[in-house]
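Okay, so here's the structure we're looking at.
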Number of protein chains: 2
Amino acid sequence: MTSTVAGGRLLTPGEVAALFRVDPKTVTRWATAGRIGSIRTPGGHRRFRESEVNQLLAELTTDASTPTA
Amino acid sequence: MTSTVAGGRLLTPGEVAALFRVDPKTVTRWATAGRIGSIRTPGGHRRFRESEVNQLLAELTTDASTPTA
DNA sequence: CTATATTTGGGTAATTAGGGTC
DNA sequence: TGTGTCCTAATTACCCAAATAT
């Protein structure tokens with residue numbers, strides 16, 4: 001299955017929620033607030049682009065400046 | 001190369017605070033001071049890497065076989 | 001078509017962020 | 001210097017039932 005359309009993979013709210021360690025409902029709010037792009041299925045469910053999610057995740061990630069001491 | 005957007009589970013400030021027996025506010029200060037890496041949700045809340053937290057815990061653990069000075 | 005897991009929607013508690021102070 | 005506690009505002013989590021996805 002999965003047509004695998006050339007381009008980006010689509011993630012479900014549950015997948016994105018797991019990446020950020022938040023509730024799927026929260027991801028929905030991000031989409032509603034325009035903080036993250038979303039694609040709606042004909043049924044009204046949201047899907048998110050993996051590339052955009054990873055990009056967002058990378059931008060919001062802060063590494064410790066003092067690793068090991 | 002240790003990826004930045006994948007690896008281990010993420011912990012909430014309250015979870016980390018419970019592990020260290022400190023106030024969540026203190027964990028926030030650690031993140032602000034750059035002593036521990038953090039991932040911010042689009043809403044501004046922080047999530048911490050369990051592996052990094054465990055490593056920090058191990059480093060702070062005063063062990064007989066762990067000469068810190 | 002049936003069946004299971006997920007997502008949606010609204011509303012309310014719990015947690016977190018940020019500043020200031022001890 | 002580091003931590004705990006005060007406050008308010010914002011964000012997030014969990015409750016329900018119905019609809020959608022696979």
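Atom set for the values below is all heavy atoms of this structure, side chains included, hydrogens, waters and symmetry mates excluded. To find a chain, count down the sequence lines: A is the first, B the second, and so on, and within it residues start at 1.
- Note: CD1 (A/Ile39) to C1' (D/dA21) measures 16 Å, nearest angstrom.
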Polar atom pairs between nucleotides 4-7 of chain D and protein, under 3.5 Å, N or O only, would you list them?
from  : atom 1 : to      : atom 2 : distance (Å)
D/dG4 : OP2    : B/Asp23 : N      : 3.2
D/dG4 : OP2    : B/Thr26 : OG1    : 2.2
D/dG4 : N7     : B/Arg29 : NH2    : 2.5
D/dG4 : O6     : B/Arg29 : NH1    : 3.4
D/dG4 : O6     : B/Arg29 : NH2    : 3.4

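- Distances shorter than 4.0 Å separate none of the side-chain N or O atoms of A/Thr12 from OP1 or OP2 on D/dA21.
- Atom NE2 in A/His45 sits roughly 4 Å away from atom C1' in C/dT7 (whole-Å rounding).
- Side-chain contact between A/Arg47 and A/Pro13 is present, with heavy atoms from C-beta onward closer than 4.5 Å.
- Summarising the geometry, atom CZ belonging to B/Arg49 is positioned 6.0 Å from atom CG belonging to B/Leu10; distances are rounded to the nearest 0.5 Å.
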Review item, side-chain donor-acceptor pairs of residues 19-33 of chain B, under 3.5 Å, at least two apart:
from    : atom 1 : to      : atom 2 : distance (Å)
B/Asp23 : OD2    : B/Lys25 : N      : 3.0
B/Thr28 : OG1    : B/Pro24 : O      : 3.3
B/Thr32 : OG1    : B/Thr28 : O      : 2.9

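- B/Arg46 has its CZ atom 7 Å from the C1' atom of C/dA17, to the nearest Å.
- For B/Arg47 and D/dT11, the CZ to P distance is 14 Å, given to the nearest whole Å.
- The distance from atom CG of A/Leu60 to atom P of D/dT12 is 11 Å, rounded to the nearest whole Å.
- Taking atom CZ on B/Arg40 and atom C1' on D/dA10, their separation rounds to 12 Å, with Å as the unit.
- Atom CD of B/Glu52 sits about 8.5 Å away from atom OG of B/Ser38, to the nearest 0.5 Å.
- Taking CD of A/Gln55 as the start and CD of A/Glu50 as the end, the distance is 12.5 Å to the nearest 0.5 Å.
- Take the nearest nucleotide of DNA chain D for A/Trp30 and for B/Trp30: the residue whose nucleotide is more 5' is B/Trp30.
- For B/Glu15 and C/dA14, the CD to P distance is 17 Å, given to the nearest whole Å.
- Atom CD1 of B/Ile36 is separated from atom CG of A/Asp63 by 11.5 Å, given to the nearest 0.5 angstrom.
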